[in-house]
Amino acid sequence: MWDIKDTNENRHIKNIGVSLNTILENLFAADKAEIKIRLRCVILKGINGNSEHIKEINEISKKIRNLQGIDLIPYHPYGESKYKRLGITDTFDSPKYIPSDSLIKALKKQLYTKSF
């Protein structure tokens, strides 16, 4: 399983703390090593829950020979208590980021699919 949290480089650095390029370099290295890959994409309403993000996920997925599937995972704020225990205060733990079922369904329709 491979997480792609965002496909916008600036947001990725701001919200994740590392460059998307590092994530993609490792992803393509794993693919080259013939490791089976399943992309996991957490969707946050108002952040990456849009067609542009899915378009980029599609472009990435087309380059992966060993792709086993793509999962769009609706964001949930259930990690809030864990973040508090770790002393992390700048999080996305808010119900406003929870995407609707209809948004997830619409985004799934835009996904590139091939025989898995």
Side-chain angles (χ1 to χ4, degrees):
M1 289 192 236
W2 206 276
D3 289 358
I4 301 287
K5 296 190 182 336
D6 202 339
T7 52
N8 177 286
E9 174 69 5
N10 291 332
R11 278 194 319 249
H12 200 281
I13 291 171
K14 178 185 173 203
N15 296 326
I16 310 303
V18 297
S19 171
L20 174 62
N21 293 328
T22 302
I23 306 300
L24 295 179
E25 287 171 8
N26 291 330
L27 170 64
F28 295 133
D31 185 49
K32 187 175 180 179
E34 299 188 13
I35 294 171
K36 293 179 182 178
I37 296 169
R38 182 166 201 91
L39 295 180
R40 295 170 19 104
C41 309
V42 176
I43 303 299
L44 287 85
K45 182 175 77 175
I47 304 291
N48 66 357
N50 55 55
S51 295
E52 293 81 20
H53 179 60
I54 299 303
K55 179 182 174 188
E56 293 301 319
I57 291 295
N58 286 336
E59 292 304 312
I60 292 166
S61 68
K62 289 176 185 178
K63 298 175 186 175
I64 303 170
R65 294 173 303 167
N66 296 291
L67 184 66
Q68 301 295 302
I70 304 170
D71 299 322
L72 296 186
I73 303 167
Y75 166 79
H76 61 76
Y78 302 140
E80 183 176 2
S81 62
K82 177 176 80 173
Y83 294 134
K84 285 180 182 177
R85 287 192 310 271
L86 294 172
I88 300 170
T89 56
D90 188 19
T91 68
F92 289 99
D93 287 326
S94 171
K96 73 179 183 180
Y97 297 112
I98 299 172
S100 65
D101 290 342
S102 60
L103 175 60
I104 294 296
K105 286 179 186 176
L107 295 175
K108 282 182 178 180
K109 287 181 182 179
Q110 298 173 36
L111 275 177
Y112 164 74
T113 57
K114 63 181 181 181
S115 298
F116 294 116

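Here K36 contributes atom NZ and D31 contributes atom CG; the two are 13.0 Å apart, rounded to the nearest 0.5 Å. Residue K63 holds its NZ atom at 12.0 Å from CG of N58, rounded to the nearest 0.5 Å.
Put simply, the side chain of H12 never gets that close to the backbone of T7: no donor and acceptor are under 3.5 Å apart.
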Given side chain to side chain contact (heavy atoms under 4.5 Å, CB included), test L27 with I4 step by step and report yes or no. CA-CA 10 Å; L27 170 64; I4 301 287; 4.2 Å; yes

Run W2 and I64 through side chain to side chain contact (heavy atoms under 4.5 Å, CB included) and show every step you take. CA-CA 12 Å; W2 206 276; I64 303 170; over 6 Å; no

List the steps and the verdict of side chain to side chain contact (heavy atoms under 4.5 Å, CB included) for I54 and L111. CA-CA 6 Å; I54 299 303; L111 275 177; 4.0 Å; yes

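For the pair K62/E59, a side-chain contact is recorded, criterion being any heavy-atom separation below 4.5 Å from C-beta on. At least one side-chain heavy atom of V18 sits less than 4.5 Å from a side-chain heavy atom of I23. You'll find the side chain of I60 reaches within 4.5 Å of the side chain of F28, heavy atoms only.
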Show which side-chain atoms of residues 41-51 pair as donor or acceptor with protein atoms under 3.5 Å away, not counting sequence neighbours.
unit_1	atom_1	unit_2	atom_2	d
N48	OD1	L44	N	2.7
N48	ND2	K5	O	2.8
N48	ND2	V42	O	2.9
N50	OD1	E52	N	3.2
N50	OD1	H53	N	2.8
S51	OG	Q110	OE1	2.9
S51	OG	Q110	NE2	3.3

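Across every non-hydrogen atom of S19 and I13, the tightest pair is CA-CG1, 3.8 Å.
Each of D71, L67, D3 was evaluated against L39; a single residue qualifies, L67, per the side chain to side chain contact (heavy atoms under 4.5 Å, CB included) test.
Linking ILVMFWY residues whenever their side-chain heavy atoms come closer than 4.5 Å, directly or via other members, places I16 and I57 in the same cluster.
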